[in-house]
Amino acid sequence: MVTAENALSIKEWNRSASELDAYKLRDDFPILKRWVHGKPLVYLDNAASSQKPQAVIDAIEKVYTDSYSNIHRGVHALSQECTSAYEEAREKVQNFLNAAHSKEIIFVRNATEAINLVVSSYGRTNLSRGDEIVISAMEHHANIVPWQILCQQTGAVLRVAPMTDEGELQLDEYKKLLNDKTRFVSIVHISNALGTINPIRDIIAAAHDRGVPVLIDGAQSAPHTSIDVQELDCDFFVFSGHKLYGPSGIGVLYGKTEFLDSMPPYQGGGDMISYVSFEKTLYNDLPYKFEAGTPHIAGAIGLGAAIDYLTSIGLDSIAAYEQELLEYATRALAEIPEVRIIGAAKEKAAVISFLIGDIHPHDVGTILDQQGVAIRTGHHCAQPIMDRFGIPATARASLAFYNTREEIDALIAGIKKVIEVFG
Ligand code: C6P
């Protein structure tokens, strides 16, 4: 509980605990000054979508105020300026992921579209009846349903690597699933519902031993930990801008050149061609081959600004700070007997799914909202995880570097209120 007496010492703790000064960084996010239902907003729904720093808001405003135009199409000044800004954003993503080439960065709408692109383009071309795709038991629907559709279309088979009661991937079982029929592995880096950090280096290496390509769903990892796609040696990596403190409607597919070059276009239309006649069409080079139509220009530029912002803080500092906050929150929750945490992996990101007795998570979320605390409740688009644990839903607090110990205290106070209300 925060009192006037201990507030200062908690601030000092936060400052000394890591290089990162959450109190100072919060000032960069205008929305965090908001009040909700007469209480200061405590935003703990960052895994669903994170808030935007002023730098991102300014970058988007600047595009529309100063130089907005369509890109790759105009000889006029605005088009040239906007094209440069868009392509600079691609280079920022390239550096952020340490991709070998900027042409390996494809702008899409979100992680979901990036996975669908790979499934449609690579999957339909390379998979056929009896071939196997390996995913894990802790995938988001975005990394299940597209593969199921592909299986229906091709006769390929989906295999699911199991997890333990703690929510850890059973690596041995995963390795046993890899066989001569395996054609693709698609695995989440950090589970959005459990917080589990999967051992993706081992996952990728085991697949590569059999010559099987790997896609990593980085929707929950790219905003919270540094990623080096060359060091990981993943063949595809996907993430969404809106979870990375950038705009919604923009996301990224990274793919190794050797794969992207050999894959057919995902969608046809303007910008993805070099020549069109009614008899035949020649496709554009990478990355444009996969960017049909006018893209989310301001979104890509805003994402570039988000990457600049995050890089200036440092992903390692962010990860270290969020770990400390996770430990603090987990300890505090463990002291409440009615609370049951779902997901206790040793390697865990700052996502806490929990239940309070038999109170429905939606009731938990509603009462917390009245206290100004925003969390997500439901199945988190990961229903097979709920089935695995025999529960319909959880309440989920997901943290970001701008959250503080006082906000965790507000969550705990809110949970106590829930218990009081439901007796
Ligand atoms: N998870 C959550 O509240 P999109 O919607 O395309 O930006 O992201 C899809 C997605 C893919 N993989 C993982 C691991 C995710 O967590 C998500 C999005 C949000 O947990 C919204 S359902």
Side-chain angles (χ1 to χ4, degrees), residues 36-51 112 136-145 163-168 188 190-197 219-220 224 242-243 322 325-345 348-400 403 407-423:
V36 173
H37 305 307
K39 304 269 168 50
L41 169 68
V42 174
Y43 189 77
L44 304 178
D45 194 17
N46 296 286
S49 205
S50 58
Q51 300 300 346
T112 302
S136 82
M138 65 183 92
E139 300 306 325
H140 183 277
H141 297 166
N143 199 27
I144 302 172
V145 184
M163 63 175 154
T164 64
D165 291 344
E166 282 70 42
E168 289 180 340
V188 70
I190 294 180
S191 159
N192 67 318
L194 301 170
T196 306
I197 305 175
Q220 298 294 348
H224 302 285
H242 70 95
K243 294 185 202 287
E322 290 178 357
L325 214 50
L326 171 69
E327 279 164 32
Y328 179 76
T330 306
R331 262 203 306 274
L333 285 166
E335 280 171 18
I336 307 174
E338 292 87 348
V339 169
R340 175 183 159 206
I341 294 178
I342 308 292
K348 194 176 162 179
V351 172
I352 311 171
S353 260
F354 61 95
L355 296 169
I356 308 178
D358 57 5
I359 306 168
H360 196 282
H362 288 320
D363 293 328
V364 174
T366 306
I367 293 178
L368 286 177
D369 177 56
Q370 292 303 315
Q371 314 305 307
V373 181
I375 60 158
R376 182 171 172 188
T377 61
H379 54 59
H380 316 296
C381 302
Q383 267 182 320
I385 298 184
M386 302 299 127
D387 291 347
R388 167 68 177 76
F389 287 95
I391 52 178
T394 71
R396 182 190 71 182
S398 52
L399 314 181
N403 291 129
E407 291 186 309
I408 303 301
D409 293 340
L411 169 71
I412 300 296
I415 289 172
K416 289 184 177 159
K417 177 94 185 165
V418 174
I419 295 168
E420 194 185 302
V421 169
F422 282 88

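The first residue in the sequence is number 1, and the count goes up from there.
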Contacts table for residues 39-46: side-chain donor-acceptor under 3.5 angstrom, sequence neighbours left out:
residue : atom : partner : partner atom : Å
Tyr43   : OH   : Asp45   : O            : 3.2
Tyr43   : OH   : Ser49   : O            : 2.6
Asn46   : OD1  : Tyr402  : OH           : 2.4
Asn46   : ND2  : Tyr43   : O            : 3.3
Asn46   : ND2  : Ser398  : O            : 2.9
Asn46   : ND2  : Asn403  : OD1          : 3.2

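- To the nearest 0.5 Å, the span separating OG1 on Thr366 from NE2 on His360 amounts to 10.0 Å.
- Rounding to the nearest 0.5 angstrom, the gap separating the NZ atom in Lys417 from the CD1 atom in Ile412 is 16.0 Å.
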In a table with atom names and distances, give each donor-acceptor pair under 3.5 Å that connects a side chain of residues 332-341 to protein atoms at least two apart or in another chain.
none

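- Contacts of Asp363 classified as side chain to side chain donor-acceptor pair (under 3.5 Å), with partners at least two apart in sequence or in another chain: none.
- Annotation: side chain to side chain donor-acceptor pair (under 3.5 Å) contacts of Glu139 (sequence neighbours excluded): Ser136, Asn143.
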Table please: side-chain donor-acceptor pairs of residues 382-396 below 3.5 Å, with sequence neighbours left out.
residue : atom : partner : partner atom : Å
Arg388  : NE   : Met163  : O            : 3.4
Arg388  : NH1  : Asp165  : OD1          : 3.2
Arg388  : NH2  : Met163  : O            : 2.9
Arg388  : NH2  : Thr164  : O            : 3.4
Arg388  : NH2  : Asp165  : OD1          : 2.9
Thr394  : OG1  : Ser353  : OG           : 2.9
Thr394  : OG1  : His380  : NE2          : 2.7
Arg396  : NH1  : Asn192  : O            : 3.0

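- Summarising the geometry, atom CD1 belonging to Ile342 is positioned 4.5 Å from atom CG belonging to Leu355; distances are rounded to the nearest 0.5 Å.
- Heavy-atom minimum distance, Ala349 versus Ile190: CB-CG2, 3.7 Å.
- Note: Ile419 CD1 to Ile356 CD1 = 5.5 Å, rounded to the nearest 0.5 Å.
- At least one donor-acceptor pair closer than 3.5 Å links the side chain of Gln220 to the backbone N or O of Ala47.
- The shortest non-hydrogen separation linking Leu411 to Ala397 is CD2-CB, 4.0 Å.
- Residues Leu194 and Val351 have side chains not in contact (no heavy-atom distance under 4.5 Å, counting atoms from C-beta outward).
- In terms of modelled atom types and a separation under 3.5 Å, the side chain of Lys348 and the main chain of Ile197 share no donor-acceptor contact.
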Between Tyr328 and Asp409, does a side chain to side chain contact (heavy atoms under 4.5 Å, CB included) hold up when you go through it step by step?
-> CA-CA 10 Å; Tyr328 179 76; Asp409 293 340; 2.6 Å; yes
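- Lys416 NZ to Gln371 CD: the interatomic distance, rounded to the nearest 0.5 Å, is 13.5 Å.
- Nearest heavy atoms, Ala142 versus Thr112: CB-OG1, 3.7 Å.
- A 4.5 Å side-chain heavy-atom check between Asp358 and Phe422 finds every atom pair outside the cut-off.
- Applying the side chain to side chain donor-acceptor pair (under 3.5 Å) test to His362 and every residue at least two apart in sequence or in another chain returns Thr377.
- For the pair Arg376 and Cys381, the minimum side-chain heavy-atom distance is below 4.5 Å.
- Looking at heavy atoms from C-beta onward, Val188 lies out of side-chain contact with Thr196 at the 4.5 angstrom threshold.
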